[in-house]
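One structure is given here, and the rest of the page talks about it.
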Amino acid sequence: MAYQAPVNDIMQVLKSAAGLDELLSNGTLEGVEEDTIRAVLEEAGKFGAEVLDPLYISGDRAGSKLVDGKVVTPAGWKDAYKQFADGGWGALAASEEWGGQALPQVVATAAGEIWNSANLAFGLCPLLTFGAIDAIEAQGSDALKKTYLPKMVTGEWTGTMNLTEPHAGSDLGQLKSRAEPQGDGTYRIFGTKIFITYGDHEMTDNIIHLVLARLPDAPPGTRGISLFLVPKYLVNKDGSIGARNDVVCAGVEHKLGIHASPTCVMKYGEKDGAIGYLVGEENRGLNVMFIMMNAARLAVGTQGVSVAERATQQATAYAKERKQGRTASSKAGEMGPIIEHADIRRMLMTMRALTQAARAICLVTARETDVARRAKDAGQRAHAANRVALLTPIAKAFSTDIGCEVASMGVQVHGGMGFIEETGAAQIYRDARILPIYEGTNGIQAMDLVGRKLPLEGGKVVAGYIGELQKTVEEVRASNRPEFGRMGDKLGEAVAALAEASRWLGGALQRNPDAAMAGATPYLRLFGLASGGVYLARGALAAARNGGQAEPIAIARFFAENIASAAGGLKDTVIGGAESTLMLSPDALSA
């Protein structure tokens, strides 16, 4: 199966769920036109289909390897990256000050979905570079910006994020990497980082590492973490590449999937110490790193959409060709294509509906990012920033969860052939599994949603959002269109369940935080089902107004009647499941 970018599906979501027309008409996306956005996405699709997709399977089979101290990526990787950089793809959303095109985040997010669908292992490299650019631009000194951003924006240099250490996973307060000030504005960095995506490779002349480390007098915990820019090669005053820095890749991890993406063990300061430069303030590095992490969380959520889209395309193509069993339309003595079987159609509809719902959540989050950055009114910017904070854990966790589910369903559609590597369905499933772990596991996202985002402005942020969902439900009900079936009622039940669970959690956070956190993951799922279903309903309403296109209506109705119907059970789990969840003590569980 050759991947084809779903440009029409993306544009439909941009217009119906993300309010593209409003953003264009009110000047938020000043200087951008709908035709331009479509043209960019179509060209991104061509690059994905013609350059990245042909390397997807071969890259997985070859993998990246550490050879004589250097990471070697699969054949074709370096040339593909050069085409990516030469095409200006790394500059889409970057500031014009550093050579970027300053296009909206919704465009960059949609293009990112396309590249990662075509080749997830490749897409990880620019994803991290984009986040590093954001962090340096926000908190780097003028000298750091002038030295590093132009080359990173053009794609000549790539960026990484160095957080995790062997003894400490998500608990960054335990990290031990140290930074020793040299008195001349530089620092010497010592320590080991693991799971560093594209920590080393031969595709570019330089790699710019953002590294968390502690100063000698730093306070304990997360309050004592600083962020440092550590280049693979030092940069001379004239901008040319200088001496090799004291940073090396000590190993490439052997992984379940994304084999072509080098996941590296990085060692800093094996000799005299790696030279680094402070980004932001001392002991406030985690604040800066969260700029990169939040950008990466939306990007990884979009990767969940990417693998779901690829799995759906592949499963649909297989179901059309594979003949098995008799169907209602089969001729005497002949087998029919499995796509004619009701259960296969159910799976394919589930895959398409979940993919489109997650796509909508991610693109709406990107839309709010654009409003937070570009709106002329300060109140609008603040409102949008809160909305980004609320939706980011949903975009990351719900979308990557459904990425795994849809990829698994894709294997199921293939039957036994899905378990065989040659069909490609297994690779999608393997690749998808890392996404709920990346950038803070989905359990951490759920705890963030409940512990930090639910209480924003005393609960007004989530209440206002739910109120907007309810307005769409009422619009669906008022339309009274027979082809909508029970969409209005089912979505109304889902949004009501979300509202009730939100109120209960708000109180539980004060009374019994453990009980609230026990329901965090089902609450996040409930949130995704309610919001995703409403966004699909907006697409159905738009389709009805524009002549009654069947597909958006069918997908929205299916989601409401077959998927969002789980909302009531999830609400009951949030409200009534804590006692049984916490019934066994940690000692009893580990006995």
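Everything numeric in this text was worked out from a predicted model, so none of it was measured. Atom set for the values below is all heavy atoms of this structure, side chains included, hydrogens, waters and symmetry mates excluded.
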If you look at every heavy atom in [X] and [Y], which pair is closest and at what distance?
X: A260; Y: A121; answer: CB-CB, 3.8 Å
X: G159; Y: L128; answer: O-CB, 3.7 Å
X: T109; Y: C362; answer: CG2-O, 4.5 Å
X: V307; Y: A432; answer: CG2-CB, 3.9 Å
X: Y535; Y: A17; answer: CB-CB, 3.9 Å
X: G199; Y: T160; answer: CA-CG2, 4.1 Å

**Within 6.0 angstrom of R352 CZ, more than 12 heavy atoms from elsewhere** = no
**Message:** Would you say CD of E561 has more than 12 non-hydrogen atoms from neighbouring residues, nucleotides or ligands within 6.0 angstrom?
**Reply:** yes
**Item:** Pair T400-Q303, side chain to side chain donor-acceptor pair (under 3.5 Å): steps then yes or no
**Value:** CA-CA 7 Å; T400 56; Q303 288 183 312; over 6 Å; no
**Request:** Evaluate the ring planes of H209 and Y268, with Trp represented by its six-membered ring, and classify them as parallel (under 30°), tilted (30 to 60°) or perpendicular (over 60°).
**Result:** perpendicular
**Request:** Return the orientation label for the F122 and W77 ring planes: parallel under 30°, perpendicular over 60°, tilted otherwise.
**Result:**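 F122 and W77: perpendicular rings.
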So, [X] side chain and [Y] main chain: donor-acceptor pair closer than 3.5 Å or not?
X: D431; Y: G257; value: no
X: N442; Y: A397; value: yes
X: T192; Y: K267; value: no
X: K65; Y: A62; value: yes
X: Q314; Y: T423; value: yes
X: S117; Y: I114; value: no

Answer whether the closest heavy-atom distance between the side chains of [X] and [Y] falls below 4.5 Å.
X: L163; Y: M293; answer: yes
X: M349; Y: N562; answer: no
X: L210; Y: M161; answer: no
X: L212; Y: L286; answer: yes
X: S261; Y: T197; answer: yes
X: N294; Y: D134; answer: no
X: Y198; Y: M203; answer: yes
X: C264; Y: E253; answer: no

Sequence-distant partners of [X], side-chain contact (heavy atoms from CB on, under 4.5 Å), two or more places apart:
X: R61; value: I57, E422
X: T369; value: Q105, R373, V388
X: A426; value: E421

**Asked** Yes or no on salt bridge (Lys or Arg N to Asp or Glu O under 4.0 Å) for E439 and K396, after CA distance, side-chain angles and deciding distance?
**Response** CA-CA 9 Å; E439 305 308 331; K396 194 277 176 181; over 6 Å; no
**Request:** Evaluate the side chain to side chain contact (heavy atoms under 4.5 Å, CB included) criterion for residues R188 and I275: first the C-alpha distance (whole Å), next the side-chain angles of each, then the deciding distance (0.1 Å), finally the verdict.
**Result:** CA-CA 5 Å; R188 295 279 179 168; I275 295 175; 3.7 Å; yes
**Request:** Output, in order, the C-alpha distance, side-chain angles, deciding distance and verdict of ring pair (Phe, Tyr, Trp, His ring centres under 6.0 Å) for Y465 and F527.
**Result:** CA-CA 11 Å; Y465 179 76; F527 209 120; 5.6 Å; yes
Could you tell me the separation between the [atom1] atom of [X] and the [atom2] atom of [Y], rounded to the nearest 0.5 Å?
X: I361; Y: S531; atom1: CD1; atom2: OG; result: 3.5 Å
X: L584; Y: L589; atom1: CG; atom2: CG; result: 5.0 Å
X: Y429; Y: M409; atom1: OH; atom2: CE; result: 10.5 Å
X: S408; Y: I402; atom1: OG; atom2: CD1; result: 12.5 Å
X: Y523; Y: L498; atom1: OH; atom2: CG; result: 5.0 Å
X: W504; Y: K571; atom1: CH2; atom2: NZ; result: 12.5 Å

**Item:** Sidechain N-carboxylate O distance under 4.0 Å for E165, R214
**Value:** no
**Item:** Side-chain ion pair, E500 and R503, N-O less than 4.0 Å
**Value:**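 R503 and E500: not salt-bridged.
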**Asked** In chain order, what residues pass the ring pair (Phe, Tyr, Trp, His ring centres under 6.0 Å) check against Y56, with sequence neighbours excluded?
**Response**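 Listed in chain order: nothing, the list is empty.
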**Message:** With side chain to side chain donor-acceptor pair (under 3.5 Å) as the criterion, how do Q427 and R430 come out once you've worked through the C-alpha distance, each side chain's angles and the decisive distance to 0.1 Å?
**Reply:** CA-CA 5 Å; Q427 182 185 342; R430 289 188 287 101; 4.8 Å; no
**Message:** Quick one, L215 with F228, criterion side chain to side chain contact (heavy atoms under 4.5 Å, CB included). Give me CA distance, side-chain angles, the key distance, then yes/no.
**Reply:** CA-CA 11 Å; L215 293 167; F228 300 89; 4.0 Å; yes
**Message:** Please evaluate residues M289 and I225 with respect to the criterion side chain to side chain contact (heavy atoms under 4.5 Å, CB included), reporting the C-alpha separation (whole Å), side-chain torsions for both, the decisive distance (0.1 Å), and the verdict.
**Reply:** CA-CA 10 Å; M289 185 59 86; I225 299 173; over 6 Å; no
**Message:** Filter on side chain to side chain donor-acceptor pair (under 3.5 Å), then keep only pairs touching residues 280-291, sequence neighbours left out; what's left?
**Reply:**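 For residues 280-291: Y187-E282.
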**Polar contact flag, side-chain donor to acceptor under 3.5 angstrom, R310-Q313** =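 No, no side-chain donor-acceptor pair sits under 3.5 Å.
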**Request:** Might you work through the side chain to side chain contact (heavy atoms under 4.5 Å, CB included) test for Q356 and F559, ending with a clear yes or no?
**Result:** CA-CA 10 Å; Q356 191 77 331; F559 190 96; over 6 Å; no
Output side-chain donor-acceptor pairs under 3.5 Å for residues 449-458, partner residues at least two apart or in another chain, one line each.
| from | atom 1 | to | atom 2 | distance (Å) |
| --- | --- | --- | --- | --- |
| K453 | NZ | A389 | O | 3.0 |
| K453 | NZ | D448 | OD2 | 2.7 |
| E457 | OE2 | N386 | ND2 | 3.0 |

